Structures are given as C-alpha cells and as structure tokens.
Amino acid sequence: MIAAPDRMPLAREFFDRPVLEVAPELLGRTLVRTSPEGTIEVRITEVEAYAGEADPGSHAYRGRTERNASMFGPPGHAYVYFIYGMWFSLNLVCGPEGTASGVLLRGGEVIEGVDLARARRPKARRDRELAQGPARLATALDVTRALNGVDLCAGPNGPLSVLAGHPVPPDQVRSGPRTGVGGDGAHHPWRFWADGDPTVSQYRPHVPRNRGKARQQDGA
DNA sequence: CAGTCGATTCACT
DNA sequence: GTGAATCGACTGA
C-alpha cells in the first residue's frame, strides 16, 4: 500500500537548504511522535529560524559545544535542549553537516492523540493550549534529551518524524521578530506562523533578568 | 570554581 | 502584570 502524499516523510534534502527557506515551509507539516504510550500528531503552526554560528540569537553563536553538537550534525535530525531548569525544546536541524542552523518548533495543533496529549499536559485548559509554546509542545509529545540527535526522516520506524502534511500557502504565512531573543539577534523577522491560527503562542519580548555581575541595589 | 541567566510556563494579584 | 520555579551550560577569573 502506497502512503498518501501528505503521509510521506520529508526527505533529508528538504532540510539540507538555507534555514530561512526551510522554516516557513514547515508550517502545516505533520510532526509524528510514536512511543510505547501511543502516537501523537501535531500540525506545525509556529516556528523560529536560528541561523548558525553567525546568528547572535543562536545557541551555536559561540561555536560548537557538547550541548549544541547535534545542530552541527547532518540535517533532518533533532536538536533538543533543556531550558529554565525544567523544560525541553525541539529544533529541526537544517543545512549541510558542519553548519549549525535549526528551526525551533514553537507551536502546533494536536490532530491525533489528543487524549494522550491531555494526559501529559493536565494543566492545559483547552485543546489549543496542548502544544501552544515550545516547551508545551515538547511536553505534549514527550520530547526529552533522549530524542536529541534522532533522525527525523526515518518515517514510522523512528520515534519522531515530519510528514509532508498540508503546507500553509505562502500568502498565509506571517513573520515577525523572534520571541525571547535579545541583543543583536532581536530584530530579524525570523519567527513564522500561520495567519490567524489559535495555536500560535503569544509574542513576548526579551526581558533580561539582570545586567552583568551581581551588584548591590542602586541606592535610591 | 562560583556566579549568572536562559529560544518558558504557571500561579497569583 | 509580576514573580517563582529549577538546573545546568557557559563565562571569566
């Protein structure tokens, strides 16, 4: 039996291109997570591009480290990182091996496995919140460090894959500044989302917690 | 080796 | 709208 076109996994060549081409084309694609507990499918609605070592907003900005190593690996693999002491986020690695671009998945609509997603995200009040936000999406899909580096092009054999789905038409793609990114990388409109979709997270500007070294409170 | 803060979420006011 | 939670990678000494 031949899989329907929208059920075909995206080929490695899809990811082996400049990240700013790939990122908007990921909107509307189907992310499939299979685990012993069951299968969850998410329609991707919001992403951000991180453009390698030249991008001040990227984890790769200061070169290769143990944490970001998978971003320097071959395209079409996952880069999963741990953040704020409690959450994970999922990136899809783009561009040729040796470079370090990736697309952060920031939001999606759960279209299969809603019950399982709800079990993993008991605090979600509405279905639209199940995968609305990068850490929420990772939680709903049970994406953890264990999936760092996995191949996304393996189809149903692998724990995580991206199917062709139904791409959002270019005239329905919106873009703007990346969420939570400060400094020199702040102004690039490298966040992409599907216009009007309720599962797109709300924009929050970057807020630095402190400046420089610890200092006593400025007298006032 | 200690200090700092992050590609966030949630509870509470 | 504001702040807490919570850990570990990265930085600079």
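Just so it is clear: chains get the letters A, B, ... in the order the sequence lines come, proteins before strands, and each one is counted from 1. Computed from a predicted structure; not experimentally measured.
- Put simply, CG on A:Leu104 is 11 Å from C1' on B:dT8, counting in whole angstrom units.
- Contacts classified as salt bridge (Lys or Arg N to Asp or Glu O under 4.0 Å) and involving residues 163-177 of chain A (residues at least two apart or in different chains) are given here: A:Arg174-A:Asp195.
- Using a 4.0 Å cut-off between a side-chain N of Lys or Arg and a carboxylate O of Asp or Glu, A:Arg128 and A:Asp197 do not qualify as a salt bridge.
- Considering A:Val162, A:Val42, A:Ile111 as possible partners of A:Thr30, the one that fulfils the side chain to side chain contact (heavy atoms under 4.5 Å, CB included) test is A:Ile111.
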Show me the protein contacts with nucleotides 11-13 of chain B, counting only N or O atoms at under 3.5 Å.
none

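- The shortest non-hydrogen separation linking A:Pro134 to A:Leu104 is CB-CD1, 4.2 Å.
- The side chain of A:His206 has B:dG6 as its nearest neighbour among B:dT8, B:dG6, B:dC10.
- Within residues 89-102 of chain A, the residues having any heavy atom closer than 4.0 Å to DNA chain B are, in order of number, A:Asn91.
- Where pairing requires Watson-Crick or G-U contacts shorter than 3.5 Å, the helical stems of DNA chain C with at least three consecutive pairs are B:1-6 with C:7-12, B:8-12 with C:1-5.
- Under the side chain to side chain contact (heavy atoms under 4.5 Å, CB included) rule, A:Cys94 has a single partner from A:Asp16, A:Leu20, A:Thr99, A:Val22, which is A:Val22.
- For the segment residues 188-198 of chain A, the set of residues with a heavy atom within less than 4.0 Å of an atom of DNA chain B is empty.
- For A:Gln132, the side chain to side chain contact (heavy atoms under 4.5 Å, CB included) partners at least two apart in sequence or on another chain are A:Glu129, A:Arg136, A:Ser201.
- Residues satisfying the side chain to side chain contact (heavy atoms under 4.5 Å, CB included) test with A:Arg204, not counting sequence neighbours, are A:Thr179.
- Under a 3.5 Å cut-off, the side chain of A:His77 and the backbone N or O of A:Gly149 do form a donor-acceptor pair.
- Going from the C1' atom of C:dG3 to that of B:dC5 covers 15 Å, rounded to whole Å.
- Rounded to an integer number of Å, the gap from A:Ile83 CD1 to B:dT9 P is 11 Å.
- Taking CG of A:Leu147 as the reference point, atom CG of A:Asp142 lies at 7.5 Å (rounded to 0.5 Å).
- With A:Phe15 as the aromatic partner, A:Arg12 does not meet the cation-pi criteria of under 6.0 angstrom to the ring centre and within 45 degrees of the ring axis.
- Non-hydrogen atoms lying under 4.0 Å from DNA chain B are contributed by A:Gly133, A:Pro134, A:Ala135, A:Arg136, all within residues 127-144 of chain A.
- Although no hydrogens or angles enter the test, the distance criterion places no donor-acceptor pair under 3.5 Å between the side chain of A:Arg43 and the main chain of A:Gly28.
- By the salt bridge (Lys or Arg N to Asp or Glu O under 4.0 Å) test, A:Arg64 is found to be paired with no residue, residues two or more places apart in sequence or in another chain being considered.
- In this model, a side-chain donor or acceptor of A:Tyr81 finds a partner on the base of B:dA7 within 3.5 Å.
- The closest donor-acceptor contact from the side chain of A:Thr45 to the backbone of A:Gly107 lies under 3.5 Å.
- Residue pairs that meet the ring pair (Phe, Tyr, Trp, His ring centres under 6.0 Å) test with at least one member in residues 167-200 of chain A, sequence neighbours left out, are A:His188-A:Trp190.
- Note on A:Arg106: only backbone sugar-phosphate atoms sit closer than 4.0 angstrom, heavy atoms only; bases stay farther off.
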List every contact pair, protein side and nucleotides 8-10 of chain C side both N or O, where the distance is under 3.5 Å.
residue: C:dC10; atom: OP1; partner: A:Thr65; partner atom: OG1; Å: 2.4

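- Atom CE in A:Met86 sits roughly 12 Å away from atom C1' in C:dG3 (whole-Å rounding).
- Spacing between atom CZ of A:Arg204 and atom P of B:dG6 amounts to 13 Å, rounded to whole angstrom units.
- By the salt bridge (Lys or Arg N to Asp or Glu O under 4.0 Å) test, A:Glu48 pairs with A:Arg106, sequence neighbours left out.
- Per the stacking criterion (ring centres < 5.5 Å, plane angle < 30°), A:Tyr84 stacks onto the base of B:dT8.
- Relative ring orientation between A:His59 and A:Tyr81 is described as perpendicular, the plane-to-plane angle rising above 60° on a 0-90° scale split at 30° and 60°.
- Distance A:Gln202 CD to B:dC10 C1': 14 Å, rounded to the nearest Å.
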